[in-house]
Participant: 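A single structure is presented below for examination.
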Amino acid sequence: MYRRQRYGLYKHWDIILIDIILFQISFIMAYMIRHGLRLPYKNSDYNTIAVMLVLTDLCLAIIGKGYSKILKRGYYKELRACIKRTSIIIAIIVLYMFIVKRSDIYSREVILTMWYLDICLGFLARIVWKLCLRYRRRKAKLRAARSVLLMTSKAAAENIIENFNKRQYRDFYISGIVTSDSNDIGEYIRGVPIVSDFCGMYEYVKTNVIDEIFISFDNKGMPAEWVVEKFLEAGITVHTNISGFQIPACQNIVETFSGYTVITSSINMATMKDMIIKRIFDLAVSIVGIAVMIAATVIVAPVIFIQSPGAIFFSQIRVGRNGRKFKIYKFRTMYLDAEERKRELTDQNRIKDGMMFKVENDPRIFPFGHIMRKFSIDEIPQFINVLKGDMSLVGTRPPTVDEYEKYDLVHKSRLAIKPGITGMWQVKGRSSILDFEDVVKLDNEYIRNWSIGLDLHIIFETFKVVIFGKGAM
């Protein structure tokens with residue numbers, strides 16, 4: 001699933017917040033310089049000024065253009081912008097003082113000192129923050145930044161990568177190149193490897209972490225609409241450089257991608273606001289969930305140790321969003337030799353094609369483990385994964401590495417979002433669904449129709465499933 005690019009206030013909310021906080025710090029420092037070590041908020045007159053500073057700053061951010069192209073500014077332009085912003089806000093505050101006829105109450109020294117301090121602090125903070133953003137995006141390749149596969153001709157690749165590299169604050173990196181006119185796998189173009197030609201590109205996408213694909217061909221190249229359709233089936237977001245191609249019917253928007261006007265296609269698109277709400281909800285619930293886990297550990301740990309001496313927690317490498325691997329945590333419900341005994345139970349696997357592993361009355365599970373699984377107690381430690389950002393409260397089931405290695409390209413579509421503790425598959429069938437293709441259909445249904453409301457509905461249904469212990473094997 002694709003998160004739309006941020007526009008307006010959402011795009012630079014971090015810098016806006018820093019500006020507001022620093023104006024308050026400048027206000028406090030200016031007041032203390034004039035009146036001693038006392039906070040201005042205890043003075044009702046100056047408290048009004050503090051509120052007006054915040055409101056005026058927000059209004060100026062909304063209606064003004066002070067944050068337009070802020071990441072591209074040099075030092076001189078940034079200093080001018082800081083002086084202009086601070087001067088406008090101070091002018092509005094002074095105008096307010098005269099309108100309400102209270103100008104004699106406020107110290108001119110406080111106002112002038114605050115103006116000077118905010119310009120200095122604001123300018124330094126913006127420069128440092130932009131340097132931090134640039135550094136973080138250079139170092140975030142393996143985790144935070146989006147992995148983009150470039151699909152173009154070898155002749156055009158160098159120019160495209162050069163244009164991308166000029167965008168120092170981009171939140172993606174080019175992980176590889178698929179060329180349409182050569183088979184020079186292993187060569188590098190401006191530090192980016194050629195990883196495949198057209199013949200092997202689907203296998204490469206299936207087995208590597210790819211969040212999005214940028215396609216740029218001329219009209220003599222391979223039909224882009226056919227390429228896009230294939231990748232959309234796999235849940236991969238595709239950016240097509242506009243050049244007269246027909247794009248398959250899907251979620252499409254025209255946007256700018258690192259300087260190129262493209263048609264972006266995805267199985268679903270979420271706004272920045274929705275993703276922020278989802279993450280805040282995840283964080284809030286996971287903090288509560290970890291507190292519940294600590295309390296539950298006190299109760300279940302002795303029972304686990306008595307029935308099967310050994311570790312209380314179980315960890316395993318799972319595959320998350322677009323193929324990223326992470327370590328999942330659970331309360332242990334199986335005997336210590338469970339993995340070795342798994343081969344003996346292969347014939348009893350109830351899932352067709354062996355794409356998942358489910359055995360009825362699994363003998364590897366000790367008695368209390370069955371109870372924990374029935375009421376999903378074993379999954380409580382996954383709140384740690386939610387807090388870390390590897391998982392979400394609601395998503396798709398994260399496959400094991402050996403399950404993931406069996407996937408066809410189309411199956412990767414269920415990994416287009418973060419995996420979740422619960423999801424459509426768990427509430428609509430849980431362990432009663434025995435066909436992996438049905439699991440994929442349910443996961444794709446969730447991704448295509450995702451909304452905050454759907455997440456809340458699934459959480460509500462999960463409570464009913466857990467309380468009554470439905471569907472557990």
Participant: Of all the heavy-atom pairs spanning A416 and N322, show the shortest one and how long it is.
Facilitator: CA-OD1, 3.7 Å

Participant: Sort and list the pairs that fulfil ring pair (Phe, Tyr, Trp, His ring centres under 6.0 Å) and have at least one residue in residues 390-410, not counting sequence neighbours.
Facilitator: Y404-Y407, Y407-H411, Y407-F436

Participant: May I have the step-by-step check of salt bridge (charged side-chain N to carboxylate O under 4.0 Å, His left out) for D184 and K154, ending in yes or no?
Facilitator: CA-CA 9 Å; D184 300 324; K154 185 177 181 180; 2.6 Å; yes

Participant: Of all heavy-atom pairs between M293 and I384, which one has the smallest distance, and what is that distance?
Facilitator: SD-CD1, 3.8 Å

Participant: Under 6.0 Å between the ring centres of F231 and Y202?
Facilitator: yes

Participant: May I ask you to say whether D443 pairs ionically with R448, meaning some side-chain N is under 4.0 Å from a carboxylate O?
Facilitator: no

Participant: Tell me, with the steps shown, if D390 and R321 meet salt bridge (charged side-chain N to carboxylate O under 4.0 Å, His left out).
Facilitator: CA-CA 8 Å; D390 296 324; R321 184 172 65 90; over 6 Å; no

Participant: Can you list everything that forms a side-chain contact (heavy atoms from CB on, under 4.5 Å) with I21? Sequence neighbours excluded, please.
Facilitator: L17, I25

Participant: What heavy-atom pair brings S376 and V466 nearest, and what distance separates the two atoms?
Facilitator: OG-CG2, 3.8 Å

Participant: With sequence neighbours excluded, give me every ring pair (Phe, Tyr, Trp, His ring centres under 6.0 Å) pair touching residues 279-327.
Facilitator: F313-F331

Participant: Looking only at the side chains, is there a donor atom on one of R414 and T396 sitting less than 3.5 Å from an acceptor on the other?
Facilitator: no

Participant: Excluding sequence neighbours, so at least two apart, what forms ring pair (Phe, Tyr, Trp, His ring centres under 6.0 Å) with F366?
Facilitator: Y335

Participant: Which atom pair, heavy atoms only, marks the closest approach of A311 to I304?
Facilitator: O-CG2, 4.2 Å

Participant: For S308 and R332, which I'm curious about, is there any donor-acceptor pair between the side chains at under 3.5 Å?
Facilitator: yes

Participant: Quick check for you: to the nearest 0.5 Å, what is the distance between I215 atom CD1 and T240 atom OG1?
Facilitator: 5.0 Å

Participant: Compare every heavy atom of D435 with every heavy atom of E437, then report the nearest pair and how far apart it is.
Facilitator: N-OD1, 3.0 Å

Participant: Evaluate the criterion side-chain hydrogen bond (donor to acceptor under 3.5 Å, both in side chains) for residue pair W425 and D438; output intermediate values, then yes/no.
Facilitator: CA-CA 9 Å; W425 174 63; D438 290 337; over 6 Å; no

Participant: Of all heavy-atom pairs between P399 and L415, which one has the smallest distance, and what is that distance?
Facilitator: CD-CD2, 3.7 Å

Participant: If we count only N and O atoms by modelled type, under 3.5 Å, do the side chains of T333 and D378 hold a donor and an acceptor together?
Facilitator: no

Participant: Quick one: which residue pairs count as a salt bridge (charged side-chain N to carboxylate O under 4.0 Å, His left out) with a foot in residues 194-204, not counting sequence neighbours?
Facilitator: E203-K206

Participant: Side chain to side chain contact (heavy atoms under 4.5 Å, CB included) between K327 and Q316: does it pass, once the steps are laid out?
Facilitator: CA-CA 5 Å; K327 185 179 288 188; Q316 187 182 46; over 6 Å; no

Participant: Please confirm whether F172 and F214 have ring centers closer than 6.0 angstrom.
Facilitator: no

Participant: Hey, are S216 and T152 close enough side-chain-wise for a donor-acceptor pair under 3.5 Å?
Facilitator: no

Participant: Once side-chain hydrogen bond (donor to acceptor under 3.5 Å, both in side chains) is applied, what residue pairs with a partner in residues 281-294 remain, sequence neighbours excluded?
Facilitator: D282-S392

